[in-house]
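Worksheet for the structure shown next.
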Amino acid sequence: MQSQSARFLSLFCLIGLWIAASAARGDPSVLPSPVNLLEPFWRELTQGPLLYHLGRTTGRVVLSFLLAMAAGTALGLVMGTRPALDKWFDPWLVVFLNLPALVLIVLCYLWIGLNETAAIAAVVLNKIPNVAALVREGARALSPDLKAMATVYRMRPSTYLRHVVLPQMGPVLTGAARSGIAVIWKIVLVVEFLGRSNGIGFQIHLYFQLFDVPMVLVYSFSFIALMLLVEALMLQPAERRATAWRRA
Amino acid sequence: MQSQSARFLSLFCLIGLWIAASAARGDPSVLPSPVNLLEPFWRELTQGPLLYHLGRTTGRVVLSFLLAMAAGTALGLVMGTRPALDKWFDPWLVVFLNLPALVLIVLCYLWIGLNETAAIAAVVLNKIPNVAALVREGARALSPDLKAMATVYRMRPSTYLRHVVLPQMGPVLTGAARSGIAVIWKIVLVVEFLGRSNGIGFQIHLYFQLFDVPMVLVYSFSFIALMLLVEALMLQPAERRATAWRRA
Amino acid sequence: ETTVRAAVLKTGTVNWELDTIQRAGLDKANGFELTLQPYADNGATRVALEGGQADVMVADWLWVAVQRAAGKDYVFLPYSTAVGAIVVPKDSPAKSLSDLKGKKIGIAGGPLDKSWLILRAYAKKEYGMDLAGETEQVYGAPPLIFKSALDGETDAAINFWHFLAKMKAAGMRELVSVGTASVALGLDPDIPLLGYVFKESYLADHPDVLKGFYQASRGAKELLASDDSAWEALRPMMNAKTDAEFTQLKTDYLAGVPKAGPVNEDGAATFFKLMADYGGEKLVGDTGALPAGLFAKVE
Amino acid sequence: MIRADIRSKSFGPLQVLKNIRFEVKQGECLAILGPSGVGKSTLLRLVAGIDKGFEGSIQRPERIAFVFQEPTLLPWRSAIDNLLLVHEGLSREAAQAMLVRTGIADKADVYPGQMSLGQQRRLALARAFVGQPELLILDEPFVSLDDTTADQMLDLTADLLRDVRPAALLVTHDKREADRLATRMLQLSGKPASLGPVPQTFSGGRAYQSGRK
Amino acid sequence: MIRADIRSKSFGPLQVLKNIRFEVKQGECLAILGPSGVGKSTLLRLVAGIDKGFEGSIQRPERIAFVFQEPTLLPWRSAIDNLLLVHEGLSREAAQAMLVRTGIADKADVYPGQMSLGQQRRLALARAFVGQPELLILDEPFVSLDDTTADQMLDLTADLLRDVRPAALLVTHDKREADRLATRMLQLSGKPASLGPVPQTFSGGRAYQSGRK
Ligand SMILES: Nc1ncnc2c1ncn2[C@@H]1O[C@H](COP(=O)(O)OP(=O)(O)OP(=O)(O)O)[C@@H](O)[C@H]1O
Ligand SMILES: Nc1ncnc2c1ncn2[C@@H]1O[C@H](COP(=O)(O)OP(=O)(O)OP(=O)(O)O)[C@@H](O)[C@H]1O
Ligand SMILES: [Mg+2]
Ligand SMILES: [Mg+2]
């Protein structure tokens, strides 16, 4: 497909820029060229623990993402459509929205213990208010005309949600999902380096302590590569299908 | 106003919950009661450096927020309305969206130097892709009918942007702004503890290393309190004005 | 007069020494002016030195050795020999490392922590035990390791020394000190693990700084060893909640003061090799050998 | 059968409706005429139960069909899905048959945005007719249609009224449409508006004289 | 003055228009009639330059006013702002005067969502008339209006055509409207559609006979 080849070309340009920048800088310990990352990447992949850590991190990201999106969407929908409840929960939302990730993570570890539950809870609690804040805005903008139509024709609530509400929330939800995964993965990194014994975040911190920039980049980009794949193979096709009506 | 009193009541409930939880836990070094935070808070405020650090952090948050929102909105608008450019920049967006904050911050510090410019650059670069991803979704959903109308009547581009595009982007933009400030402040915290000698993030990390949970909370909540004020005095009235037409 | 900008961890114990230098005017007396740049994280101090925003920082010599092997012109000036220990709760039945089989150990600083590596070598030598394989490790930030050890979530803990001091003050018991383990492994316990790090290029531009800084550092150490009132001045920044903590911190600090004079380079090389065996390439880089010129020439 | 007793309906300070009382029995069709902006759509929304903020009471049956003044379709679902999703249990065949009767059978699988406005309006009619409404509300349903198509739609509506015998409410500016479908006609007028008999000056003749319709 | 030469316009595989050639001079008004879904709105969009994906060429003047088939207002701006924002340099007085002429002066400061559909349509008319268009395009502009109001709007349009003398294109299903405003009439028909003279069977008489308008 033409769009896929454009993606590749554009990625190559980005890599080209990077190579140029790295050559200009001339200090591979601070700004290594991507070419120099290939060999350590390959080593970590085939002999090293990269796949293991990537797996752990991905597992945490996926689980937290699903939990946070589900809870955040529900909360946002309720707050966006019920002004009375919104008034009540809005201050809570602001508080949790602005509670620093670090603080929440540390508190979770302290209260729940230094374990996986605490890690996931920390990420989910961090992300829910974010999703909710976005979804709430989308819910506030729901078309009153379509709602009237659905009321008059007594549409089933589940049908209404799926076929009337969700498509209207499309932009907000895909936006929240896309920036959501990114934010979640960033929080997972912090969670991992503060109190887990595996995962990309753990490795990045390890190499950061050793001041080994190339390895830090190898681990960062292994997840980014995964996300590029997910984006190209899942998110974009799904989005294309969901917004087909707009381009028709 | 009635809405304001609901806010207060709801905040009191939250604090009540907290007091109850803290009493149930019975370990003030891990979950201190808010009552016990008042005295250290007052001390830090009047004799301590709280105001100074809060000022530095707020300055960074505001500056980064303005830069990131401006650049992210522009980028998102372009990407959302020009599919050709979107194809090109989308992979870049995914890369920067998923570049860990930690990594980006460290790289900025290494490349630009351990100074304020690097700090702001790190935050802005972290946040731009987030805003852009959201705005792009909103831009994709812009009404083609209104665009046709604006084209036919030869509306000035600036008028079109301000009076046709912006109001349609309202939900996405307020969502991005609200969760944006929150995310930015979280990144600023990391930026501060990784390479600044002042700011709330610096203080929080300091007290975290000293295992002084009450002080960590005092500093966290001083910013949250500020955000609650901003929310009640600026964001909400602005939003009310911008969405008055919807409730009319 | 030269200004020496020191990037320090705000909570680090190095501040005690640097503060004493400033307070006693030891910097001016030795021909430089010391300014402090406090940061909240170790990483920040490293970035500061690398990026040229600071002239000196504190790091452990293994790390410096690896950086030097990788081509950085870092040199190392001893500051402290203080090392960690592994502690267990007061009522723990454990008498030696071998009793930790199947137990959970909390480790601050990650799998490459020096104390942890030395203890692994020691367990191997003394008990033929693979400490890493036969126990479960929980890595975490020092305060979290501190807390979970006190709560009994872990059966033993290895932490940075000022947290160890607090843990001991809170009633935990030292199972083995890393000093003991080093001696048993035939290592020179006087090899300073922590030190000031300068760039050679900076020292070349400011030839008098190294000597002056060394004199000032020694001066401060002597003052702290001999004068209790110097400690009283430091007490506010030591964050000691009780007198017991204060005394423990003071004792442990003084115990970590290295001998004056040059570093035993052969001993260091042996040490480096041992670390290479356990930490692997990750820790010591791909050279495996101690790079020349690591230790600053003083005296 | 519906029984409406609206004492007052206001938007903020603006009172739009006042003292409106009427009944429509099963099989009856009440046409409501009135100038633009008088409050016809508002009245229909009250009757349908969309707008609950008024003084008075309204009895209405459960199964309602409403042809809004604008098509009000789901732009992200195909034409036929716009019928199927709204009417649970409707068979695809029945839906397709109704599309045939409204003359948009070839548009079954396209999105509303790909249809002309007249086709969208017919889809909205199809959506209303395909159920078995006990109450049928039509807000100017036949505008934007050419004469031939409008006639077909009128016939279709007449058929439905005869077969299903719902209580029906029809808002129109077109006296001829009212003549054709309605069993009774009322005029909404005044500020705030109330219902009255259709005045003579507003009978068909005037429309012809004015050069319009 | 406009000169259109459209060889073909398709939506994907569906060809809608074919070989359409016409000219409208300054001061002329061309009425286009045709059944629902034939392609009238599509044609107008091509002429206005909204849709550029077609084969052929169109010459058009710079200043265009378009009354869309749906009002297409800015819902977040007040009625009068909907005039002022679209027409740069328009004075508030002139805008208010046009609201008076379209009979919605009391709605100047409310949002479109607070107006009835007929009022919104009149606002759309006001927006088109308040400029000094060289080309005026009207897509069924007078539906949803009662007869009296529709007459006023027709008069207003006639005034504008006389005073400003734009080239005008009018799509309508209502032959009487066309009679009143147009200097020429054409019928769009066929699949794909092309322009031809208005057939006798589609003259006013039939509309009366069919019981509609
Ligand atoms: N975006 C689109 N994609 C596909 N088909 C379209 C699209 N827009 C219009 N059509 C089709 O083109 C044909 C002409 O549409 P158009 O809107 O021009 O009709 P019209 O003559 O204005 O009808 P009406 O009187 O009902 O408004 C219709 O059959 C319609 O289904
Ligand atoms: N949400 C609202 N807020 C304020 N005023 C409103 C609102 N909705 C309608 N109105 C006003 O109420 C009056 C009646 O509106 P309504 O839509 O019922 O008119 P209508 O009789 O259906 O007119 P039309 O024939 O033009 O559709 C109008 O003057 C309108 O401005
Ligand atoms: Mg109406
Ligand atoms: Mg049309």
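So you know, we letter chains A, B, ... as the sequences are listed, proteins then strands, and number each from 1.
Considering CG of Asp146(E) and CG of Asp174(D), their distance stands at 12.0 Å, rounded to 0.5 Å. Distance CG/Leu117(D) to CD/Glu140(E): 7.5 Å, rounded to 0.5 Å.
Residues of residues 92-106 of chain D having a heavy atom under 4.5 Å from any heavy atom of chain E, listed by number: Asp106(D). Taking 4.5 Å as the heavy-atom cut-off, the residues of residues 120-128 of chain D that approach chain E are Arg122(D), ordered by number. Scanning residues 66-79 of chain E against chain D with a 4.5 Å heavy-atom cutoff picks out Gln69(E), Glu70(E), Pro71(E), ordered by number.
Applying the salt bridge (Lys or Arg N to Asp or Glu O under 4.0 Å) rule to Arg184(E) yields the partners Glu28(E); only residues at least two apart in sequence or on another chain are considered.
When all heavy atoms are compared, the tightest approach of Lys107(E) to Leu14(D) is NZ-CD2, 3.8 Å.
With a 4.5 angstrom heavy-atom cutoff, Lys40(D) does not touch chain E via any of its atoms. With a threshold of 4.5 angstrom between heavy atoms, Ser36(D) approaches chain E through its backbone and through its side chain.
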